Amino acid sequence: LRYHFHVGNGLQNNTILAVLEDKMGNLWLGLDKGIAHIFKSDDVLTFKDIAGKLGTTYCLLLAGRYLYVGTNQGLYYSDQSSNDIAKEFKLIKGTQGQVWQLLQSSHGIICGHNNGTFYIDGDQAYKISNITGGWFSMMVDSESCIQGTYTGLIVFKRKGNQWVFSHRIDGYSEPVKKIIQKSENEFWVTGPNNGLASLKVNKELNKVLSIKKYQHNDSFE
């Protein structure tokens with residue numbers, strides 16, 4: 001058994017009165033209510049959330065046996081090793097609300113969220129930061145992770161096999177939605193209303209040493 005198609009995932013009706021396979025290997029279904037065409041020969045399977053349970057998807061991550069879906073309603077997971085053909089998505093307790101990003105690291109998953117940041121272990125979520133707006137996280141090295149939030153930059157450090165909140169980076173408090181590492185201690189940052197800036201930070205990643213904001217006609221260096 002590979003797939004189970006029904007009203008809950010795309011069909012207009014659950015009563016199948018006729019089935020025809022065409023020359024392309026796809027299926028045509030005569031239903032009690034209309035006709036359905038299943039593209040069985042496609043390499044991509046589309047999941048249709050007919051009931052609107054998951055909300056709007058912002059990020060996806062396949063890690064081990066779990067497929068994670070971050071949406072505007074929370075973080076959901078599906079156990080891909082399950083014998084359940086429907087592969088139902090379930091909400092991870094405590095993650096209700098807007099999920100911004102899922103970052104896979106060698107020491108687990110970091111989930112950036114409107115309400116803060118979570119460490120994800122299987123189907124469990126552990127809150128590691130209450131600083132709102134975990135927009136974007138990136139690994140600086142195997143021991144450090146930097147995150148852009150609604151109110152500047154913060155750092156997580158590895159403790160054992162988990163991530164824990166370490167500190168804020170002083171000297172820059174504007175919203176940061178995306179970070180790109182320019183060099184060992186320089187980063188490009190951008191936010192929703194504050195344009196692009198280049199930040200130089202100290203070796204300890206706790207203080208911004210200089211800020212260069214770019215205007216429309218500035219060249220990049």
Side-chain angles (χ1 to χ4, degrees), residues 54-63 68-76 91-92 94-120 125-158 163-202 204-221:
L54 302 183
T56 302
T57 300
Y58 279 77
C59 51
L60 292 165
L61 178 66
L62 181 61
Y68 297 97
V69 181
T71 80
N72 65 335
Q73 297 185 27
L75 180 61
Y76 294 82
L91 178 69
I92 296 181
T95 67
Q96 295 90 333
Q98 175 71 59
V99 174
W100 290 120
Q101 186 203 24
L102 293 168
L103 175 66
Q104 174 76 76
S105 77
S106 57
H107 302 289
I109 299 167
I110 296 173
C111 172
H113 194 282
N114 178 67
N115 298 330
T117 304
F118 296 88
Y119 171 79
I120 306 300
Y126 304 91
K127 201 167 191 181
I128 59 175
S129 170
N130 287 315
I131 297 176
T132 56
W135 254 328
F136 185 84
S137 301
M138 63 166 288
M139 303 299 302
V140 178
D141 53 47
S142 61
E143 304 293 321
S144 305
C145 174
I146 188 172
Q147 183 185 77
T149 75
Y150 296 164
T151 53
L153 297 161
I154 63 175
V155 173
F156 297 103
K157 292 284 188 179
R158 185 172 72 88
W163 290 99
V164 297
F165 173 78
S166 178
H167 59 270
R168 282 186 178 272
I169 298 179
D170 293 334
Y172 194 82
S173 59
E174 296 187 33
V176 177
K177 195 170 185 178
K178 187 67 180 288
I179 311 166
I180 296 176
Q181 191 165 10
K182 182 180 177 184
S183 65
E184 184 178 357
N185 65 335
E186 290 183 278
F187 298 87
W188 299 105
V189 297
T190 186
N193 300 309
N194 52 336
L196 179 69
S198 176
L199 308 182
K200 187 173 183 179
V201 300
N202 61 359
E204 293 75 24
L205 290 179
N206 59 22
K207 185 177 182 180
V208 174
L209 302 176
S210 64
I211 303 171
K212 181 178 180 180
K213 294 190 175 183
Y214 287 84
Q215 304 300 321
H216 178 70
N217 294 320
D218 288 343
S219 60
F220 295 99
E221 297 177 358

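In what follows, every heavy atom counts, from backbone to side chain, and hydrogens, waters and symmetry copies are set aside. Just so it is clear, the model here is predicted, and its values are computed rather than measured.
In the model, E174 has a side-chain atom that pairs as donor or acceptor with a side-chain atom of N194 under 3.5 Å. S144 and K157 form a side-chain donor-acceptor contact under 3.5 Å, judged by distance and modelled atom types alone.
Applying the side chain to side chain donor-acceptor pair (under 3.5 Å) test to N130 and every residue at least two apart in sequence or in another chain returns K127. The ring pair (Phe, Tyr, Trp, His ring centres under 6.0 Å) test applied to Y126 returns no partner, not counting sequence neighbours. With sequence neighbours left out, I131 forms a side-chain contact (heavy atoms from CB on, under 4.5 Å) with S129, T149, T151, I154, F165, R168. Residues passing the ring pair (Phe, Tyr, Trp, His ring centres under 6.0 Å) test with Y172, sequence neighbours excluded: none.
Put simply, the side chain of S137 reaches to within 4.5 Å of the side chain of Q101, judged on heavy atoms. In this structure the side chain of L153 never reaches within 4.5 angstrom of the side chain of L205, judged on heavy atoms. The shortest side-chain heavy-atom distance between V176 and F136 does not fall under the 4.5 Å cut-off. Annotation: side chain of Q98 is not in contact with side chain of N115 (no heavy-atom distance under 4.5 Å).
Between Y58 and W100, the gap from one ring centroid to the other is short of 6.0 Å. Taking the centre of each ring, F118 and W163 stay at or above the 6.0 Å mark.
Here CG of L61 is found 11.5 Å from CD1 of I110. Values are rounded to the nearest 0.5 Å. A distance of 15.5 Å separates OH of Y68 from OH of Y76, quoted to the nearest 0.5 Å.
Sorted by first and then second residue, the pairs that involve residues 133-155 and meet salt bridge (Lys or Arg N to Asp or Glu O under 4.0 Å), not counting sequence neighbours, are E143-R158. Applying the salt bridge (Lys or Arg N to Asp or Glu O under 4.0 Å) test to every pair with at least one member in residues 94-108, sequence neighbours left out, gives no pairs at all.
A donor-acceptor pair is defined here as one N or O able to donate and one able to accept, closer than 3.5 Å; such a pair exists between the side chain of N185 and the backbone of V201. Counting only distance, with no hydrogens or angles, the side chain of Q181 and the backbone of S183 share a donor-acceptor pair below 3.5 Å. Put simply, the side chain of Q73 never gets that close to the backbone of T71: no donor and acceptor are under 3.5 Å apart.
Geometrically, K182 does not engage F187 in a cation-pi contact, judged by NZ or CZ lying under 6.0 Å from the ring centre and within 45° of the ring axis.
Just one of L102, V69, I109 meets the side chain to side chain contact (heavy atoms under 4.5 Å, CB included) condition when paired with L75; it is L102.
With salt bridges taken as basic N to acidic carboxylate O contacts below 4.0 Å, none links E186 and K212.
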